[in-house]
Amino acid sequence: MQRLFILVITILTLTGLAVPVLAAPTEITWYGQSAFRVVTTNGKVLLVDPWIANPANPNGKQDLEGLLKVDLILITHGHGDHIGNAVEIAKKTGAKLVATFDLMKALVAYAGLPEGQTGRPLTGSFGGQIPLLDGEVTVQFIPAAHGGSMDTPTGPVYAGQPGGFLISVKNGPRIYHTGDTDLFGDMALLHGQVDLMLVCIGDKFTMGPVRAAQAVEMVRPKMAVPMHFGTTSGQTGTPEQFKAALRKYGLELLMRQMKIGETLTWK
């Protein structure tokens, strides 16, 4: 079989016919809380809410040190567990920031993120979408029901309204990162547009497992990965509760529980 494959490729090459190129898979790694790395089919690296060295990640320090190539950092809102290690990573790698306009300004003014790694092509607001990395990725800004202040040494400051992202990878999945949010009706507008839903389930500061399951029922992704649970005190929601709540809609098979540090391959 291998010899036959090589023979076919050789014939196609010699005759000048196009040789099909299989796209590499998209890789999604979870670091705990809401922190994810997405590696696109062409090797571009995106980080979302990069609190890499969070208490739930036993390899946080090593993971942070190992992030030597990052193209974009996406941040959903101004809370510290979502800004995380973004400034350190940006300074080390030169990664550019993708965020709403108010949050971008606040991160430069109060968090020390390099202004040269921001700009109007990298920002937008809810409902808008922007092409990035020469069309490799498209990001749509999705609203969220949450708070948006940012802590500074002199007290909290306004950092824009909280949100999430619909990240569409060329030749790859459409990923909806909810950020921190409660259930809201306009999630239904994403029905049929999402392959992978990264959904907060922790309760107290976001929707818990029951409302998160309702969100999945409204969006109907191909796969739902629970996040933002078990990291800080008060996050009582669990993946087991989330799966039980999904079962009431007949959607429990959509759930994919990731381990911290695990990489999911999407072909």
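Since we're looking at a predicted model, the values are computed, not measured. Reckoned from all heavy atoms, side chains included, excluding hydrogens, waters and symmetry mates. Counting from 1, the numbers follow the sequence of the chain as shown.
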Can Ile142 be reached from Leu189 by stepping across I, L, V, M, F, W or Y side chains whose heavy atoms are under 4.5 Å apart?
no
Side-chain heavy atoms of Thr238 within contact of Phe229, under 4.5 Å:
no
To check you understand the geometry: which heavy-atom pair defines the closest contact between Gly148 and Ala159, and what is its length?
O-CB, 3.1 Å
The criterion is side chain to side chain donor-acceptor pair (under 3.5 Å); which residues satisfy it with Thr263, sequence neighbours excluded?
Thr29
Tell me, with the steps shown, if His228 and Asp81 meet side chain to side chain contact (heavy atoms under 4.5 Å, CB included).
CA-CA 10 Å; His228 201 278; Asp81 58 322; 3.4 Å; yes
Show the nearest heavy-atom pair for residues Ala213 and Ala245, with the distance to one decimal.
CB-CB, 3.5 Å
Going from CG on Leu113 to CG on Leu103, what distance comes out if it is rounded to the nearest 0.5 angstrom?
9.5 Å
Counting C-beta onward and ignoring hydrogens, is there a side-chain heavy-atom pair between Leu47 and Asn85 closer than 4.5 Å?
no
What distance do Met227 atom CE and Met197 atom CE have between them, rounded to the nearest 0.5 Å?
8.5 Å
Between Leu107 and Ile75, what is the shortest heavy-atom contact and its length?
CD1-CD1, 3.8 Å
Enumerate the salt bridge (charged side-chain N to carboxylate O under 4.0 Å, His left out) contacts for residues 188-207, please, sequence neighbours excluded, ordered by first and then second residue.
Arg174-Asp195, Asp195-Lys222
Would you give the length of the straight line joining atom NZ of Lys105 to atom OG1 of Thr100, rounded to the nearest 0.5 angstrom?
10.0 Å
Val194-Phe126 co-clustered via ILVMFWY side chain contacts under 4.5 Å:
yes
Who passes salt bridge (Lys or Arg N to Asp or Glu O under 4.0 Å) against Arg220, sequence neighbours left out?
Glu217
Report the C-alpha separation of Met223 and Leu254 in whole Å, then their side-chain angles, then the decisive distance to 0.1 Å, and conclude whether the side chain to side chain contact (heavy atoms under 4.5 Å, CB included) test is met.
CA-CA 5 Å; Met223 183 183 294; Leu254 295 185; 5.9 Å; no
Indicate whether the side chain of His82 and that of Asp180 have a donor and an acceptor atom separated by less than 3.5 Å.
yes
What's the separation between atom CD in Glu88 and atom CG in Leu67, rounded to the nearest 0.5 Å?
9.5 Å
Side-chain contact test, heavy atoms from C-beta onward, threshold under 4.5 Å: evaluate it for Leu133 versus Leu46 and give yes or no.
yes
Test item: Gln161 and Pro143 side chains (from C-beta on) under 4.5 Å apart, heavy atoms:
no
Please step through side chain to side chain contact (heavy atoms under 4.5 Å, CB included) for the pair Phe205 and His79, ending with a clear verdict.
CA-CA 11 Å; Phe205 293 110; His79 292 166; over 6 Å; no
Is it true that a side-chain atom of Thr181 and a backbone atom of Ala145 form a donor plus acceptor pair closer than 3.5 Å?
yes
Residues which pass salt bridge (Lys or Arg N to Asp or Glu O under 4.0 Å) with Asp186, listed by chain and number, not counting sequence neighbours
none
Of all heavy-atom pairs linking Ser34 and His177, the shortest is O-NE2, 2.9 Å
Residues 143-169 vs salt bridge (charged side-chain N to carboxylate O under 4.0 Å, His left out), sequence neighbours excluded, gives none
Nearest 0.5 Å, what's the CD-CG distance between Glu27 and Leu264?
9.5 Å
Does a side-chain heavy-atom distance below 4.5 Å link Ile167 with Val48?
yes
Answer yes if Val199 and Met218 sit in the same cluster of Ile, Leu, Val, Met, Phe, Trp and Tyr residues linked by side chain heavy atoms under 4.5 Å apart, and no otherwise.
yes
Of all pairs that satisfy salt bridge (charged side-chain N to carboxylate O under 4.0 Å, His left out), the ones with a partner from residues 45-59, not counting sequence neighbours:
none
Heavy atoms only: give me the nearest Thr93-Lys69 pair and the separation to one decimal.
CG2-N, 4.3 Å
Inter- and intrachain pairs under ring-ring contact (aromatic ring centres under 6.0 Å, His included), touching residues 233-267, at least two apart
none
In chain order, what residues pass the side chain to side chain donor-acceptor pair (under 3.5 Å) check against Lys267, with sequence neighbours excluded?
none
Assess whether atom CD of Gln193 is packed by more than 12 heavy atoms of other residues, nucleotides or ligands within 6.0 Å.
yes
Taking C-beta and beyond as the side chain, do Phe36 and Tyr31 meet within less than 4.5 Å on heavy atoms?
no
Is it the case that one hydrophobic cluster holds both Leu253 and Met258, taking links as side-chain heavy atoms less than 4.5 Å apart, direct or via other members?
no
Between Thr123 and Thr118, does the side chain to side chain contact (heavy atoms under 4.5 Å, CB included) criterion hold? Intermediate values first, please.
CA-CA 8 Å; Thr123 189; Thr118 67; over 6 Å; no
Apply side chain to side chain donor-acceptor pair (under 3.5 Å) to Asn42 and list each qualifying residue two or more places apart in sequence or on a separate chain.
Glu136
Interatomic distance, CG@Leu97 vs CD1@Ile89, rounded to 0.5 Å, equals 12.0 Å
Qualifying residues under side chain to side chain donor-acceptor pair (under 3.5 Å), relative to Thr154, sequence neighbours excluded
Thr152
Keeping to residues at least two apart or across chains, list the salt bridge (charged side-chain N to carboxylate O under 4.0 Å, His left out) pairs with something in residues 248-261.
Arg256-Glu262
Under the side chain to side chain donor-acceptor pair (under 3.5 Å) definition, can you give me all pairs with a residue in residues 50-66, not counting sequence neighbours?
Asn57-Asp63
Taking the six-membered ring of Phe101, is NZ or CZ of Arg120 closer than 6.0 Å to its centre and within 45° of its axis?
yes
Closest contact, heavy atoms only, Gln241 versus Thr236:
OE1-O, 3.6 Å
Would you say Ile130 and Pro121 make side-chain contact, with heavy atoms under 4.5 Å?
no
Hey, are the side chains of Lys96 and Leu132 touching, using non-hydrogen atoms and a 4.5 Å cut-off?
no
Determine whether Tyr176 and Leu183 fall in the same hydrophobic cluster, where Ile, Leu, Val, Met, Phe, Trp and Tyr are linked whenever their side-chain heavy atoms lie under 4.5 Å apart.
yes
